[in-house]
Amino acid sequence: MVVEVEIDSLSTADSPRTSGVDPDHVEALAVVQTPLPPITVHRPTMRVIDGLHRLRAAELRGARKIAVKYFDGAEDDAFVLAVESNVTHGLPLTTADRKRAAARIIATHPQWSDRMIASVSGIAPGTVADIRRREPGSKTGDGSRIGHDGRVRPINGAEGRRLASELIAQNPGLSLRQVARVASISPETVRDVRNRMMRGEDPVVRRGRQSGGEHRVIAPRVRPSAVPDRDAAQDRAAAVKRLKADPALRFSEVGRTLLRLLNIHTISMEEWDQIIDKVPPHCRGVVAYLAGESAEMWAEVATRMQGKVAETA
């Protein structure tokens with residue numbers, strides 16, 4: 001719900017943007033003829049979460065009120081939303097502001113994984129891990145953290161890697177995601193385990209050197225020909241091809257939109273690897289956020305479609 005609120009009643013304190021507003025950006029917004037999107041305000045404190053430049057532009061125009069959407073969560077969550085909003089659109093936060101924000105989120109949400117915090121703050125997961133290590137008295141919870149997908153995973157992934165290696169050795173045809181679900185690790189970790197096994201290396205990453213020299217475990221090799229992701233991509237492409245031949249989809253606007261969306265996901269993991277490697281470093285946080293949001297939306301679509309299938313069965 002969008003409401004009109006007196007500008008004088010709003011607070012601009014505690015912004016993740018430590019350098020303040022950009023006057024040029026404010027002036028550019030002030031001359032825009034079309035209405036600007038509503039700003040987001042933390043209702044309990046009336047603090048501006050997102051839209052400080054739009055607020056200043058409204059003041060520059062001489063407006064006394066501004067369109068507002070309220071957020072009713074806790075103050076710590078309001079700060080997270082402020083950071084996330086300023087990373088994904090509008091004038092981006094500086095790298096220094098993102099790092100400071102990540103340090104604060106680590107303190108208020110220690111149960112969140114490095115990747116989760118990275119997706120919010122717009123910096124690399126490795127940078128978040130470095131900040132976490134430097135933070136005095138940083139907490140790690142009960143030995144597990146919540147990932148961007150909402151799943152709880154152990155901080156020490158050694159057991160998950162060992163289980164993944166056993167699953168891959170027993171059934172090389174399993175997809176990355178199938179192994180990831182069983183072993184409670186990410187698909188990317190499963191990929192690393194599989195690649196290590198193909199090279200005959202220990203699937204468990206050893207941190208540092210062990211006393212008496214390094215202990216190298218020769219893991220069971222996986223046949224290079226067994227590439228489940230390629231087969232999965234081919235299966236998806238074949239399924240989409242069948243849908244494209246269906247007149248009920250081809251000759252309706254909604255159907256054609258659905259086919260275009262589904263066609264995006266027919267590319268192989270190797271092609272995704274090329275895309276991921278080519279994303280500029282300063283865009284990776286935003287891309288990670290959007291990919292996560294898209295994954296959640298597709299999961300919701302899948303759930304609802306399964307419900308429709310059950311209704312017509």
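This structure is a prediction, so every number in the text was calculated from the model and none was measured. All values below come from the heavy atoms of this structure, side chains included, with hydrogens, waters and symmetry mates left out.
Residues Leu29, Val32 make up the rest of the hydrophobic cluster containing Leu36, defined by ILVMFWY side-chain heavy atoms closer than 4.5 Å, directly or through other members. Taking Ile, Leu, Val, Met, Phe, Trp and Tyr as members and joining any whose side-chain heavy atoms lie under 4.5 Å apart, directly or through other members, the hydrophobic cluster of Leu60 also contains Met1, Val3, Val5, Ile7, Leu10, Val21, Val26, Ile39, Val41, Met46, Val48, Leu52, Leu55, Ile66, Val68, Tyr70. Ile49 forms part of a hydrophobic cluster together with Phe71, Leu81, judged by ILVMFWY side-chain heavy-atom separations under 4.5 Å. Hydrophobic side-chain contacts under 4.5 Å tie Val279 into a cluster, directly or through other members, with Val287.
In terms of the side-chain hydrogen bond (donor to acceptor under 3.5 Å, both in side chains) criterion, residue partners of Arg260 (sequence neighbours excluded) are, by chain and number, Thr257. Residues forming a side-chain contact (heavy atoms from CB on, under 4.5 Å) with Ala67 (at least two apart in sequence, or on another chain): Val2, Glu4, Pro38. Among residues two or more places apart in sequence or in another chain, the side-chain hydrogen bond (donor to acceptor under 3.5 Å, both in side chains) test is passed with Thr266 by none.
Tested against Pro16 for a side chain to side chain contact (heavy atoms under 4.5 Å, CB included), the candidates Val87, Ile105, Val80, Leu93 yield a single pass: Leu93.
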I'd like a table of donor-acceptor pairs (distance under 3.5 Å, sequence neighbours excluded) in which one partner is a side-chain atom from residues 243-250, with atom names and distances.
unit_1 : atom_1 : unit_2 : atom_2 : d
Lys244 : NZ     : Asn263 : OD1    : 3.1
Asp246 : OD1    : Ala248 : N      : 2.9
Arg250 : NE     : Lys244 : O      : 3.4

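Evaluation of the ring-ring contact (aromatic ring centres under 6.0 Å, His included) test over residues 239-274, restricted to residues two or more places apart or in two chains, returns His265-Trp298. Judged as a salt bridge (charged side-chain N to carboxylate O under 4.0 Å, His left out), the pairs with a partner in residues 48-61 (not counting sequence neighbours) are, in order, Asp50-Arg54, Arg56-Glu59. Applying the salt bridge (charged side-chain N to carboxylate O under 4.0 Å, His left out) rule to pairs touching residues 69-81 yields Arg43-Asp72, sequence neighbours excluded. Residue pairs satisfying the salt bridge (charged side-chain N to carboxylate O under 4.0 Å, His left out) criterion with at least one member in residues 6-25, sequence neighbours excluded, are listed as follows: Asp14-Arg104.
For Glu166 (side chain) and Leu163 (main-chain N/O), no donor-acceptor pair under 3.5 Å exists by modelled atom type. Without hydrogens or angle criteria, Thr127 side chain to Ile123 main chain gives no donor-acceptor distance under 3.5 Å.
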side-chain hydrogen bond (donor to acceptor under 3.5 Å, both in side chains) assessment of Arg47 paired with Thr12: CA-CA 6 Å; Arg47 181 173 65 81; Thr12 58; over 6 Å; no
Audit row: Asp273, Arg191, salt bridge (Lys or Arg N to Asp or Glu O under 4.0 Å) steps and yes/no: CA-CA 11 Å; Asp273 286 339; Arg191 181 194 304 283; 3.7 Å; yes
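Judged purely by distance below 3.5 Å, without hydrogens or angles, the side chains of Arg161 and Thr189 never pair a donor atom with an acceptor atom.
Looking at Ile131 and Ile106, their side chains come closer than 4.5 Å, going by heavy atoms from C-beta outward.
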